[in-house]
Amino acid sequence: SVLMVELLMSADRLITAAQAARTPADPSAWAPAVVVGHLSLVDTEVWLPRIDEMVSARSSGPRPRWVWWEPDADVTTRAFDGVGVDEAGARLLASRTALLHRLRELSADDWAAEAEHEDFGVIDVQGLIMQVLGHDEEHRASLLQAEVGQ
């Protein structure tokens with residue numbers, strides 16, 4: 001339950017950092033709303049499907065094997081270009097809520113489901129959630145740098 005609370009608090013911290021961040025001077029860097037939007041896409045296109053894949057494989061076959069993958073950066077930029085932080089934040093809160101609902105549905109056996117990731121090694125669902133939080137923090141750090149104009 002602590003991880004579930006942390007997932008929601010992490011999203012809140014990201015939105016707060018994005019609201020305070022400046023638009024980066026580097027035109028190739030993502031605007032704060034795009035960073036937040038990216039995280040909503042990762043929730044729906046990476047984390048949720050991977051949890052489902054882990055749980056499904058637990059009863060039907062070998063554990064999944066994954067490589068690092070994220071939604072396409074150019075597609076993400078186009079999807080959230082011109083979107084405000086508040087709208088991107090609402091999308092992140094919606095995707096994070098969907099993630100939380102999915103986690104609440106898991107049994108104790110489901111939490112023990114495993115996958116093998118090329119970078120993370122063998123992880124269970126809790127380990128995947130720790131990766132979600134780590135990914136959030138990497139992006140929050142970039143927003144905090146943008147906040148102070150560095």
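Numbering starts at 1 and runs along the sequence shown. Excluded from the calculations below are hydrogen atoms, water molecules and symmetry mates; all remaining heavy atoms, backbone and side chain alike, are included.
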Which pair of heavy atoms, one from [X] and one from [Y], lies closest together, and at what distance?
X	Y	answer
Ala57	Pro62	CB-O, 3.4 Å
Phe80	Ser40	CZ-OG, 3.8 Å
Val34	Asp81	CG2-N, 4.3 Å

Evaluate side-chain contact (heavy atoms from CB on, under 4.5 Å) for Leu106 paired with Leu103, printing each intermediate quantity in order.
CA-CA 5 Å; Leu106 299 181; Leu103 292 172; 3.8 Å; yes
Side chain to side chain contact (heavy atoms under 4.5 Å, CB included) partners for [X], two or more places apart:
X	result
Asp72	Asp74, Val75
Leu128	Trp47, Arg50, Ile51, Met54, Trp66, Ile123
Arg58	Asp109, Ala112, Ala113

Please determine whether a side-chain nitrogen of the Lys or Arg among Arg96 and Asp12 lies less than 4.0 Å from a carboxylate oxygen of the Asp or Glu.
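Result for this pair is no, no salt bridge flagged.
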ring-ring contact (aromatic ring centres under 6.0 Å, His included): which pairs involve residues 18-46, sequence neighbours left out?
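Listed by first then second residue: Trp30-His38, His38-His135, His38-His139.
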In the hydrophobic clustering that connects Ile, Leu, Val, Met, Phe, Trp and Tyr at side-chain heavy-atom distances below 4.5 Å, which members other than Met9 occupy its cluster, ordered by chain and number?
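Via sub-4.5 Å side-chain contacts, Met9 links to Val5.
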Report the hydrophobic cluster partners of Val67, with the cluster defined as I, L, V, M, F, W, Y residues connected by side-chain heavy atoms closer than 4.5 angstrom, directly or transitively.
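Grouped by the 4.5 Å side-chain rule, Val67 forms a cluster of one, so the answer is none.
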I would like to know whether Glu105 and Asp110 meet side-chain contact (heavy atoms from CB on, under 4.5 Å); could you show each step before the answer?
CA-CA 9 Å; Glu105 296 170 348; Asp110 292 339; over 6 Å; no
Donor-acceptor pairs under 3.5 Å, side chain of residues 84-95 to any protein atom, not counting sequence neighbours: which ones?
from: Asp86; atom 1: OD1; to: Gln19; atom 2: NE2; distance (Å): 3.1
from: Glu87; atom 1: OE2; to: Arg91; atom 2: NH2; distance (Å): 2.6
from: Ser95; atom 1: OG; to: Asp43; atom 2: OD2; distance (Å): 2.9
from: Ser95; atom 1: OG; to: Arg91; atom 2: O; distance (Å): 3.4
from: Ser95; atom 1: OG; to: Leu92; atom 2: O; distance (Å): 3.0

To the closest 0.5 Å, what do you measure between [atom1] ([X]) and [atom2] ([Y])?
X	Y	atom1	atom2	answer
Leu8	Thr97	CG	OG1	6.0 Å
Glu70	Leu39	CD	CG	8.5 Å
Leu3	Ile129	CG	CD1	7.0 Å
Glu138	Leu143	CD	CG	12.0 Å

Verify the cluster assignment for Trp111 and Leu133: are they in a single hydrophobic cluster under the rule of side-chain heavy atoms below 4.5 Å apart?
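Result: yes, single cluster for both.
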Spell out, yes or no, whether Val122 and Phe120 are grouped together once hydrophobic residues are joined by side-chain heavy atoms under 4.5 Å, including indirect joins.
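Cluster IDs for Val122 and Phe120 differ.
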How about Pro64 and Ser56: do any of their side-chain heavy atoms sit closer than 4.5 Å?
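Sidechains of Ser56 and Pro64: no contact.
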How about Arg102 and Val55: do any of their side-chain heavy atoms sit closer than 4.5 Å?
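Of all side-chain heavy-atom pairs linking Val55 with Arg102, at least one is under 4.5 Å.
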Got a sec, which residues hit salt bridge (charged side-chain N to carboxylate O under 4.0 Å, His left out) with Glu6, two or more places apart in sequence or on another chain?
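By the salt bridge (charged side-chain N to carboxylate O under 4.0 Å, His left out) rule, Glu6 matches Arg13.
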What pairs meet the salt bridge (Lys or Arg N to Asp or Glu O under 4.0 Å) rule with one or both residues in residues 23-40, with sequence neighbours excluded?
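Output for this query is empty, none listed.
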Please, which pairs that meet salt bridge (Lys or Arg N to Asp or Glu O under 4.0 Å) have at least one residue in residues 30-40, sequence neighbours excluded?
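Counting only pairs at least two positions apart or across chains, no salt bridge (Lys or Arg N to Asp or Glu O under 4.0 Å) contact touches residues 30-40.
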Which pairs with one or both residues in residues 116-132 pass side-chain hydrogen bond (donor to acceptor under 3.5 Å, both in side chains), sequence neighbours excluded?
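Every side-chain hydrogen bond (donor to acceptor under 3.5 Å, both in side chains) pair that includes a residue of residues 116-132, provided the two are not neighbours, is Arg65-Glu116.
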Quick one: list whatever passes side chain to side chain donor-acceptor pair (under 3.5 Å) with Thr76, sequence neighbours left out.
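Checked Thr76 against side chain to side chain donor-acceptor pair (under 3.5 Å); zero matches.
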